[in-house]
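Note that the coordinates shown come from a computational prediction; the quantities given were computed from them, not determined experimentally.
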Amino acid sequence: MMGFSSWTGLWFALAIPLIVLMYLFKRKYVDTLIPSHLLWNRVLRNIEANRPWQKLQNRLLLWLQLLVAALLVFALMMPFVWVKGGLEGHTVIIVDVSASMGAAWNGETEKDTHSTRAVIDELKQQVGKYIESMGANSEVTLLKLGMEPEILLTREKNQLAIRAQVDQLTVEYGKAAYRETMSLAVALTKGDPDARLIIFTDEQWSEMTNDIPLEVPVEVVSLRTGAANNAAVDQFGVKSDGEIGTGVAVIRNHGVSPVETDLELFGDGKRLAVESVKVKNGEAVTVTFEELPAADFYKLKLGLSDDYMPDNEAFAFRKRGGAPSVLLISQGNLFLEKALQLSGARVTRMEPSTSTASASNEEAAQAPAIPKDKPDLIIIDGKPPAYIEKGEWPRLVKETPSWTLGGDGETIQPPNGRTTIFQHPVTRYISLNDPPTGTLLAREIPVWGKPLIAIGAKTAAFAGTEGGVNRLVFLFSLSDGDLPLRPEFPVMVNNAVQWLQAGRTTGLGRVIAGSPLEIPVTAEAVEGAWIAVDGYAMKAGAAPIPAITKDQSLPAEQTVPEIPGLWRFEPKGADGSPLPGYNLEVIAHPSESALGQAKPLVFGGDGNGNSMGSDGTPANGGSSEISISEESKSKRSLTSLAVLLALIVIITEWGVYQRGRSI
């Protein structure tokens with residue numbers, strides 16, 4: 001059935017009789033053979049008898065022009081035909097790309113590649129079906145539900161453009177912005193009577209939705225898998241005491257059936273232990289690994305292949321247990337030693353001897369050997385001894401966190417003024433009202449140092465990270481003031497010990513994909529990159545990711561990679577030389593592992609959690625398959641076709657015009 005969207009174009013039909021009139025009054029000359037002048041009058045009479053309608057005979061050009069005029073009138077009236085199955089209006093499509101969308105789709109595999117077919121592949125297919133059913137005037141706004149809501153397309157009618165965006169979708173493993181995305185969808189459809197909302201999701205949402213009011217119809221295209229099976233390494237850690245460590249892991253079964261599998265434990269890539277584990281559906285078990293040899297990082301791997309693989313592996317970094325070992329180089333400070341012991345540290349005191357850093361080589365050659373067991377912290381109270389610049393001592397000091405109190409050099413009187421305490425872990429719970437000393441060392445603060453204590457405008461203490469190692473420097477000696485006698489002194493020492501030993505692990509820990517992270521970047525670093533070294537990211541062939549740079553340096557806050565696995569942050573100096581790097585475990589958001597536990601989504605509400613639509617009826621009683629009624633129909637415009645035909649006729653008309661004047 002055909003119709004017209006506008007009858008105003010019918011006025012242009014007046015051009016048709018105008019064209020006819022023009023041809024009627026057009027003077028026509030016909031080549032006629034006249035044998036004699038006597039016959040002229042007869043010929044003239046015959047010609048006048050056949051006028052005016054005889055002028056329209058054999059006028060192909062006239063008929064072509066009439067046809068063009070008719071087609072233009074037809075086009076101006078905006079003709080259309082009704083097509084079954086099409087959808088009209090403005091549709092906001094939300095595509096869920098959260099981590100659980102990377103799970104296997106009902107255990108199916110691709111026929112060609114034999115690889116596992118993921119839920120997001122089914123999403124692309126379902127969205128493709130919807131796009132094919134779009135009406136001619138249907139508009140689509142494509143909204144991505146990932147770590148952040150993102151509008152991919154706005155009111156797009158081109159099916160190819162929509163399909164191209166959908167084909168580029170990839171899974172995002174960070175925390176999904178469910179409510180933020182729905183809030184944006186509400187804003188996009190607010191006040192639009194022709195709008196509708198379609199959500200393609202597996203309904204694995206970790207946030208409430210029934211209190212989100214929606215003013216437009218909403219459909220949920222459920223992509224929930226059937227009997228999902230997923231076991232995950234919920235927790236994993238290794239605590240080392242000396243060269244021996246103990247590993248503890250929690251294995252949780254999120255699936256619908258019991259799991260029995262092997263647990264493989266690796267240390268620096270070498271398999272250390274294997275344990276068998278049985279976990280009932282919906283329960284968790286704890287597994288302990290004893291007497292593990294030392295390693296920079298450990299990997300625990302489930303020996304099965306389930307529907308969701310990113311949580312089948314976990315990493316742990318060596319963390320030294322027990323009290324921190326402190327090497328105190330001091331001539332003796334009872335208050336400092338007692339405060340260190342109160343903080344739980346094991347203190348080993350060494351005499352600085354009578355020699356100094358400026359002593360002769362002969363005196364320095366009598367330096368003691370470095371401790372057999374590497375200390376966790378080095379505290380130098382007073383002038384540094386000469387031997388720390390000889391033999392193995394410089395390397396030990398460079399690699400070990402240190403706290404320097406006072407030292408050798410010119411001293412100055414601090415200016416008058418109040419004592420300022422800057423916010424830092426070392427100065428937590430500290431509020432010095434009076435200056436802690438009477439003299440300060442006249443030294444410049446290095447680029448890595450941040451002030452902790454200032455007397456007037458002069459810095460009295462600073463801290464920072466030098467070459468990836470924490471440093472704490474007090475520009476005054478404890479013997480020059482009454483700080484050790486104050487009640488806050490043990491608290492400050494405890495804070496200092498905890499902050500200095502904060503880097504006692506060989507890695508940065510476990511972070512959710514795409515999250516920001518503070519990294520102890522050295523001041524010399526000007527560039528860097530994240531390198532996938534093991535786990536899911538390495539299997540997926542993840543390429544190196546350049547680190548964030550700012551003003552030709554690496555800021556401390558970096559964004560971790562968005563693919564789970566073991567990554568290594570590798571900074572470089574200005575000359576391209578590698579600087580100390582860090583290992584980091586990147587994980588998918590834990591809530592995405594609970595496959596098979598999703599509940600039907602319910603949207604709409606009156607602000608009290610009651611799900612109501614705009615007409616007072618429930619806005620959405622649960623998930624539903626996308627329903628495009630067979631009886632529904634949409635308009636398909638014929639305007640373009642009419643204009644095309646008119647152009648063809650005009651071209652033909654030009655050819656006829658060139659053939660001669662007698663036509």
Subject >> For Phe289 against Glu275, the heavy-atom pair lying closest together >> reply: CE2-CG, 3.3 Å

**OP:** Could you tell me whether a side-chain N or O of Asn253 sits under 3.5 Å from a main-chain N or O of Ala231, the two making a donor and an acceptor?
**Re:** no

Original post:
Is there side-chain contact between Phe489 and Leu336, with heavy atoms separated by less than 4.5 Å?
Top reply: yes

**OP:** Specify the closest pair of heavy atoms between Leu145 and Trp205, including all atoms of both residues, with the distance to one decimal.
**Re:** CD1-CZ2, 3.4 Å

**OP:** Decide yes or no for Leu584 and Trp530: does some side-chain heavy atom of the first lie under 4.5 Å from some side-chain heavy atom of the second?
**Re:** yes

Original post:
For Lys338, does the NZ atom have more than 12 heavy-atom neighbours from other residues, nucleotides or ligands under 6.0 Å away?
Top reply: no

Subject >> Side-chain donor or acceptor of Thr459 paired with backbone N/O of Ala461 under 3.5 Å >> reply: no

Subject >> Intermediate values then yes/no, side chain to side chain contact (heavy atoms under 4.5 Å, CB included), Arg271 and Phe266 >> reply: CA-CA 4 Å; Arg271 192 164 73 172; Phe266 299 85; 3.6 Å; yes

Subject >> Pairwise distance CH2(Trp448) to CG(Asn470) - rounded to 0.5 angstrom >> reply: 9.5 Å

Original post:
Does the side chain of Leu554 reach to within under 4.5 Å of the side chain of Phe569, using non-hydrogen atoms?
Top reply: yes

Original post:
Would you say the side-chain atoms of Thr549 pair up with the backbone N or O of Glu527, donor to acceptor, closer than 3.5 Å?
Top reply: no

**OP:** Mind checking the OG-NE2 spacing from Ser515 to His589? Nearest 0.5 Å is all I need.
**Re:** 8.5 Å

**OP:** Inspect the contact between Glu585 and Arg510 and indicate whether a charged nitrogen and a carboxylate oxygen are less than 4.0 angstrom apart.
**Re:** yes

Subject >> Val259 side chain reached by Asn229 side chain, heavy atoms, under 4.5 Å >> reply: no

**OP:** State, with a plain yes or no, whether a side-chain heavy atom of Leu302 is found less than 4.5 Å away from one of Val233.
**Re:** yes

Subject >> Distance (rounded to the nearest 0.5 Å) between Ile453 CD1 and Thr419 OG1 >> reply: 8.5 Å

Subject >> Backbone of Glu562 reached by a side-chain donor or acceptor of Glu172 within 3.5 Å >> reply: no

Subject >> Ser276-Glu260 side chain donor-acceptor pair, cut-off 3.5 Å >> reply: no

Original post:
Is Asn583 close to Leu566 at the side-chain level, that is, under 4.5 Å between some pair of heavy atoms?
Top reply: yes

Subject >> Between CZ on residue Arg349 and CD1 on residue Ile329, distance to nearest 0.5 Å >> reply: 11.5 Å

Original post:
Can you tell me if Asn281 uses its side chain to pair, donor with acceptor, with the backbone of Gly255 under 3.5 Å?
Top reply: no

Subject >> Side-chain touch Gln413/Thr439, heavy atoms, less than 4.5 angstrom >> reply: yes

**OP:** Kindly indicate, with the supporting measurements, whether the criterion side chain to side chain contact (heavy atoms under 4.5 Å, CB included) is fulfilled by Thr170 and Val97.
**Re:** CA-CA 7 Å; Thr170 56; Val97 296; over 6 Å; no

Original post:
If you measure from the Lys or Arg side-chain nitrogens to the Asp or Glu carboxylate oxygens, is any gap between Lys175 and Glu180 under 4.0 Å?
Top reply: no

Subject >> Ser593 backbone acceptor or donor facing Asn230 side chain under 3.5 Å >> reply: yes

Original post:
Tell me, do Ile379 and Ser330 make a side-chain contact under 4.5 Å, heavy atoms counted?
Top reply: no

**OP:** To the nearest 0.5 angstrom, please state how far the OH atom of Tyr173 sits from the CE atom of Met101.
**Re:** 11.5 Å

Subject >> Donor-acceptor contact present, side-chain Ser553 to main-chain Lys550, <3.5 Å >> reply: yes

**OP:** State whether the number of non-hydrogen atoms from other residues, nucleotides or ligands found under 6.0 Å of Met538 atom CE is greater than 12.
**Re:** no

Subject >> Approximate separation, where rounding is to 0.5 Å, of Leu475 CG and Leu405 CG >> reply: 10.0 Å

**OP:** Let me see the working for Trp567 and Val511 under side chain to side chain contact (heavy atoms under 4.5 Å, CB included), right down to the final yes or no.
**Re:** CA-CA 11 Å; Trp567 293 80; Val511 182; over 6 Å; no

Original post:
At their closest point, which heavy atom of Pro590 faces which heavy atom of Ile512, and how far apart are they?
Top reply: CD-CD1, 4.2 Å

Original post:
Quick one: does Gln552's side chain have a donor or acceptor within less than 3.5 Å of a partner on Val526's backbone?
Top reply: no

**OP:** May I ask you to decide if the ring planes of His424 and Trp499 are parallel, tilted or perpendicular, using 30° and 60° as cut-offs?
**Re:** perpendicular

Subject >> Closest heavy-atom pair and its distance - Val250, Ala284 >> reply: CG1-CB, 4.1 Å

Subject >> Closest non-hydrogen atom pair between Tyr298 and Pro293, with its separation >> reply: OH-O, 2.6 Å

Subject >> Donor-acceptor contact present, side-chain Glu410 to main-chain Ala442, <3.5 Å >> reply: no

Subject >> Side-chain donor/acceptor of Glu207 to backbone N/O of Arg179, under 3.5 Å >> reply: yes

Original post:
Which heavy-atom pair separates Ser431 from Ile421 by the least distance, and what is that distance?
Top reply: CA-CG1, 4.5 Å

Subject >> Check against side chain to side chain donor-acceptor pair (under 3.5 Å), Arg346 and Ser325 >> reply: CA-CA 5 Å; Arg346 293 183 285 113; Ser325 173; 4.5 Å; no

**OP:** Apply side chain to side chain contact (heavy atoms under 4.5 Å, CB included) to Thr437 and Leu483, showing your working.
**Re:** CA-CA 8 Å; Thr437 183; Leu483 180 60; over 6 Å; no

